[in-house]
K.L.:
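Mind looking over this structure? Questions follow.
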Amino acid sequence: MAAGTKKLVIKVTAGADAPERCSQAFTVAAVAVAGGVEVSLWLTGESSWFALPGRAAEFELPHAAPLPDLIDGVLAGGRITLCTQCAARRGIGERDVIEGVRIAGAQVFVSEIMGEGVQALVY
């Protein structure tokens, strides 16, 4: 990583079950990307469903940015990863996810968060 490069790794565990926490994670990720921060957003637990086409459009939270817009913002300059085990538990495969989303496991997550100058957040 180049000197002065900022990287943010966000793990979101909440989905429609905790809409405010979920929305906050996606909002922080999208705002960080817009601000020039290198962002890696990890979908785990109930947020895993948002890796599927159309699922983010079903999410509603008053006074919050639309989840599809936030996802597009993250993908425009960052990376979204779906947890391998979370995907498997939900029967989600590589061909099922929206374009730009990868599926990877704990080893990749640990590698990302252990880098120099990385800030990790969990929602």
K.L.:
Let me confirm one number: the CG-SG distance from Leu67 to Cys22, rounded to the nearest 0.5 Å.
P.N.:
5.5 Å
K.L.:
If you look at every heavy atom in Cys83 and Thr44, which pair is closest and at what distance?
P.N.:
CB-CG2, 3.8 Å
K.L.:
With clusters defined by side-chain heavy atoms of hydrophobic residues (ILVMFWY) lying less than 4.5 Å apart, directly or transitively, does Val118 cluster with Val31?
P.N.:
no
K.L.:
Which side-chain hydrogen bond (donor to acceptor under 3.5 Å, both in side chains) pairs, counting each pair once, include a residue from residues 17-31, with sequence neighbours left out?
P.N.:
Thr13-Arg21
K.L.:
Can you tell if the side chain of Phe26 reaches within under 4.5 Å of the side chain of Asp69, non-hydrogen atoms only?
P.N.:
no
K.L.:
Strictly by ring pair (Phe, Tyr, Trp, His ring centres under 6.0 Å), give each pair with a member in residues 51-106 just once, sequence neighbours left out.
P.N.:
Phe50-Phe59
K.L.:
Honestly curious: do Val74 and Leu52 fall in one hydrophobic cluster under the side-chain, below-4.5 Å linking rule?
P.N.:
yes
K.L.:
Considering only residues two or more places apart or on different chains, which pairs with a residue in residues 93-108 satisfy salt bridge (charged side-chain N to carboxylate O under 4.0 Å, His left out)?
P.N.:
Arg102-Glu112
K.L.:
Mind checking whether Ile80 and Ile98 have side chains closer than 4.5 Å, heavy atoms only?
P.N.:
no
K.L.:
Kindly state each residue pair satisfying ring pair (Phe, Tyr, Trp, His ring centres under 6.0 Å) with at least one member in residues 71-108, sequence neighbours excluded.
P.N.:
none
K.L.:
Minimum heavy-atom separation for Ile103 to Val97, with atom names?
P.N.:
CD1-CG1, 4.3 Å
K.L.:
Within the structure provided, determine whether Val108 and Thr81 are in side-chain contact (heavy-atom separation under 4.5 Å).
P.N.:
no
K.L.:
Of the non-hydrogen atoms in Ala32 and Leu8, which two are nearest, and what is the gap between them?
P.N.:
CB-CD2, 3.8 Å
K.L.:
Hey, could you give me each pair passing ring pair (Phe, Tyr, Trp, His ring centres under 6.0 Å) that has a residue in residues 68-119? Not counting sequence neighbours.
P.N.:
Trp42-Phe109
K.L.:
With a 3.5 Å distance limit and no angle check, can you tell me whether Ser47 reaches the backbone of Val12 through a side-chain donor-acceptor pair?
P.N.:
yes
K.L.:
Give a yes or no on whether Val37 and Val122 share a hydrophobic cluster (residues Ile, Leu, Val, Met, Phe, Trp, Tyr; joining criterion: side-chain heavy atoms under 4.5 Å apart).
P.N.:
no
K.L.:
Can you see which heavy atom on Cys86 is nearest to which on Gly45, and at what distance?
P.N.:
SG-N, 3.3 Å
K.L.:
OG1/Thr84 to CD1/Ile92 distance, rounded to the nearest 0.5 angstrom?
P.N.:
11.5 Å
K.L.:
Given Val28, which partner from the list Leu121, Leu41, Val39 fulfils the side-chain contact (heavy atoms from CB on, under 4.5 Å) test?
P.N.:
Leu121
K.L.:
Mind jotting down which residue pairs meet the salt bridge (charged side-chain N to carboxylate O under 4.0 Å, His left out) criterion with at least one end in residues 72-90? Sequence neighbours excluded, please.
P.N.:
Glu46-Arg90
K.L.:
So, for Leu75 and Gly100, which heavy atoms are closest and what is the spacing to 0.1 Å?
P.N.:
CD2-O, 3.7 Å
K.L.:
Could you tell me the separation between the CG atom of Leu43 and the CD1 atom of Ile10, rounded to the nearest 0.5 Å?
P.N.:
11.0 Å
